[in-house]
Colleague: 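Encoded as structure tokens, here's the structure I'll be asking about.
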Amino acid sequence: MSEFNNDNISFWTDTVDLPSYPTLENDTSTEVLVVGAGITGLMNAYKLAMQGRKVMVLEANKVLTGTTANTTARLMAQQGPLYSQISKQKDKETARLYYESQMAAIDEIESISRKHNIDCDFRRVDGVMYAENESSVKDLEREAKVYEDLGIDGSLLKEQFDLPFETVAQLVMRNQGEFHPLKFLKGILEVLEEKGVEIYEHVMGKGVEGNTLKTSEGISIDFEHLVVATHFPFLDYQGFYFNSFKINRSYGLVVTTSTPPSEDLSLNGFDGPGLTTRNIVNPDKELPTVLFGGLGHMSYDEQDMTGQLEKLRLYADQKTTNHERLYAFRAQDQMTVDSLPYIGYFDQKHDNRFIASGFNKYGMTNGVLSSMIISDLIAGNENRYHDMVSPHRKKGTFAQLKQFATTPLESLGVEAKNMLKNYPDINEANLSAGEGAVVQDGIMKKGLYRDEDSNEYLVVDNRCTHMGCSLSWNQEDRTWDCPCHGSRFNFKGNVIEGPATEDLDVEIKKTDDE
């Protein structure tokens with residue numbers, strides 16, 4: 001099994017030869033500035049460039065090596081038992097509108113692929129949410145009734161479906177999609193190049209003053225419109241977004257199998273381990289390739305990544321007869337209180353700043369949806385989906401209070417737990433090369449890592465530069481992770497995922513054998 005590491009190697013990136021882009025070195029200006037170069041940022045750049053606008057894209061790392069490269073990439077309007085939830089918490093009109101927005105995003109990907117002749121393995125599949133326990137059937141029946149009420153193309157089947165494992169019921173939603181995200185986005189990058197879009201890598205946005213963005217390197221970029229398309233909005237203080245999302249961590253595993261599900265199905269387990277399962281077009285392997293995803297938990301519920309991946313492997317082996325394990329990864333997702341994304345105006349003070357985030361594990365469809373909405377808003381056009389997903393929508397008084405109350409309390413709980421832990425003294429720690437740990441340095445906690453190349457110890461501040469939460473060491477990724485808001489730093493202390501924008505303080509400590 002390949003190790004997912006801080007180079008963000010994944011199945012998707014290993015099968016696509018991606019271009020490299022320069023680093024911005026001087027102050028400049030543009031009409032539209034897009035911060036973030038995953039599917040959300042690149043699709044917003046595409047829609048705006050197609051309007052004839054001058055667009056610039058900034059990426060803090062390398063283009064298409066973040067969350068978009070480590071995803072199940074499911075194009076699904078079927079997103080768990082969502083439509084009965086929305087119908088109950090809001091109304092049936094909102095539930096129907098959300099379904100239509102997701103189907104419109106799938107149609108958009110198919111249309112763009114055809115328009116530009118992008119070979120991205122796009123195909124139509126049926127989404128199948130299945131139950132393995134009789135006690136879950138009534139829940140699927142409830143969701144199926146909502147499908148019927150809303151006119152969703154789907155139905156409940158109780159006879160055994162064409163699956164390689166036993167189920168008791170399957171809720172089908174027809175005409176969904178699958179594709180290779182990076183093949184698609186490589187085609188989008190080629191279109192952006194033709195349109196003269198400027199793309200820069202290794203440039204991190206730090207703050208905004210008026211209509212000027214400041215980077216971590218001190219460069220100023222003037223803009224008329226700003227689209228914040230980073231996984232977690234880097235301007236979260238200004239929009240109070242740090243308290244709007246809960247961070248969910250889930251895991252992925254790519255394997256070859258001799259008993260794959262049918263190629264026209266994309267599966268999602270309703271009960272049990274609740275795994276998602278999809279086929280991947282992979283001509284390099286004789287056996288079919290399947291991606292499993294699941295075992296999600298909140299970031300404050302700290303779980304060992306190696307242990308979680310081993311559980312995922314065991315569950316996957318119960319579903320299909322698997323052979324070669326090709327890749328494993330961990331993903332982070334922003335979850336919103338009402339399960340709808342945040343797309344629209346960043347705040348209520350500026351009509352030229354926009355945000356797209358909080359996609360609740362469905363970033364492929366909602367990233368595309370954001371480009372359809374934001375491009376309309378910038379053009380001054382009405383968009384029928386905007387009010388539904390506006391960050392400033394009414395989410396319900398009880399739901400809002402619950403969200404705002406629990407997130408800080410959970411963060412405090414993590415801090416309290418970390419304060420009670422016993423950590424080894426920094427002068428007594430004896431780590432192997434490539435190993436890290438939290439250690440005690442007097443009354444302070446520090447992060448300690450033994451560098452594989454220099455054999456020196458790298459000592460970092462153990463507090464996240466975002467809001468000061470204690471960091472945990474992730475040995476599998478070799479990263480320092482924040483359980484509160486999802487920031488991640490590599491073993492050198494550099495930010496690799498926000499909302500943090502400042503690196504950790506780091507110093508060198510010689511080893512005893514030098």
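Remember, predicted model here, so these are calculated numbers, not experimental data. No hydrogens, no waters, no symmetry mates; every other heavy atom, side chains included, goes into these values.
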Colleague: Would you indicate whether F165, at its atom CZ, is surrounded by more than 12 heavy atoms from other residues, nucleotides or ligands within a distance under 6.0 Å?
Modeller: yes
Colleague: Dump the intermediate steps for side-chain contact (heavy atoms from CB on, under 4.5 Å) on N282 and L326, then the final yes or no.
Modeller: CA-CA 11 Å; N282 187 10; L326 303 177; 4.1 Å; yes
Colleague: For R123 and N279, work out which heavy atoms get closest and say how close.
Modeller: NH2-CB, 3.3 Å
Colleague: Quick one: which of R74, Q176, Q102 gives a side-chain hydrogen bond (donor to acceptor under 3.5 Å, both in side chains) with T365?
Modeller: Q102
Colleague: Would you confirm whether R96, through its side chain, and G151, through its main-chain N or O, come within 3.5 Å as a donor-acceptor pair?
Modeller: yes
Colleague: Is it true that D153 and R174 make a salt bridge, defined as a side-chain N closer than 4.0 Å to a carboxylate O?
Modeller: yes
Colleague: Is any NZ, NE, NH1 or NH2 atom of the basic residue among K145 and E141 found under 4.0 Å from an Asp or Glu carboxylate oxygen of the other?
Modeller: no
Colleague: Using the rule side-chain contact (heavy atoms from CB on, under 4.5 Å), only one of D139, T167, V137, N133 pairs with F270; which is it?
Modeller: D139
Colleague: Is any side-chain heavy atom of I355 closer than 4.5 Å to one of P391?
Modeller: yes
Colleague: Consider only side-chain N and O atoms of D91 and T94, and report whether a donor and an acceptor are under 3.5 Å apart.
Modeller: yes
Colleague: Just to verify, what does Y46 make a ring-ring contact (aromatic ring centres under 6.0 Å, His included) with, not counting sequence neighbours?
Modeller: H116
Colleague: Cut-off 3.5 Å, side chains only: do Q78 and Y147 have a donor facing an acceptor?
Modeller: yes
Colleague: Taking the six-membered ring for Trp, are Y345 and H386 ring centroids under 6.0 Å apart?
Modeller: yes
Colleague: Any pair with a residue in residues 179-190 that passes side-chain hydrogen bond (donor to acceptor under 3.5 Å, both in side chains), sequence neighbours left out, goes on the list, sorted by first then second residue, please.
Modeller: T15-H180, D121-K183
Colleague: Go through the steps for I109 and L75 under the test side-chain contact (heavy atoms from CB on, under 4.5 Å), then give the verdict.
Modeller: CA-CA 9 Å; I109 289 177; L75 296 175; 3.5 Å; yes
Colleague: So do L267 and F292 actually touch side chain to side chain, heavy atoms under 4.5 Å?
Modeller: no
Colleague: Test ring pair (Phe, Tyr, Trp, His ring centres under 6.0 Å) on Y251 and H297 and set out the steps.
Modeller: CA-CA 10 Å; Y251 303 83; H297 59 86; 5.7 Å; yes
Colleague: Return yes if a side-chain donor-acceptor contact under 3.5 Å exists between D333 and N248, otherwise no.
Modeller: no
Colleague: Any side-chain heavy atom of D387 within less than 4.5 Å of one from E382?
Modeller: no
Colleague: Taking atom CD as the centre, does E263 end up with more than 12 heavy-atom neighbours from other residues, nucleotides or ligands that are less than 6.0 angstrom away?
Modeller: no
Colleague: If we only count heavy atoms from C-beta on, is the M173 to Y99 side-chain gap below 4.5 Å?
Modeller: yes
Colleague: Any chance you could lay out the side-chain contact (heavy atoms from CB on, under 4.5 Å) test for I280 and W12, step after step, and finish with the verdict?
Modeller: CA-CA 10 Å; I280 295 177; W12 304 122; 4.0 Å; yes
Colleague: Is there a side-chain contact between T13 and L64 (heavy atoms, below 4.5 Å)?
Modeller: no
Colleague: With side chains defined as the heavy atoms from C-beta onward, is the minimum distance between I118 and I188 less than 4.5 Å?
Modeller: yes
Colleague: Please work out which of the three classes, parallel, tilted or perpendicular, describes the rings of Y98 and Y83, given edges at 30° and 60°.
Modeller: tilted
Colleague: Above 12 or not: heavy atoms from other molecules or residues under 6.0 Å from CD of E159?
Modeller: yes
Colleague: Under the criterion side-chain contact (heavy atoms from CB on, under 4.5 Å), I'd like the reasoning laid out for M388 against K90: C-alpha separation, chi angles, the key distance, then a yes or no.
Modeller: CA-CA 10 Å; M388 173 183 64; K90 296 182 180 291; over 6 Å; no
Colleague: Can you tell if the side chain of R142 reaches within under 4.5 Å of the side chain of K88, non-hydrogen atoms only?
Modeller: no
Colleague: Would you check if L163 and L265 make a side-chain contact, meaning some heavy-atom pair closer than 4.5 Å?
Modeller: yes
Colleague: May I ask you to check whether Y449 and W480 place their ring centers less than 6.0 Å from one another?
Modeller: no
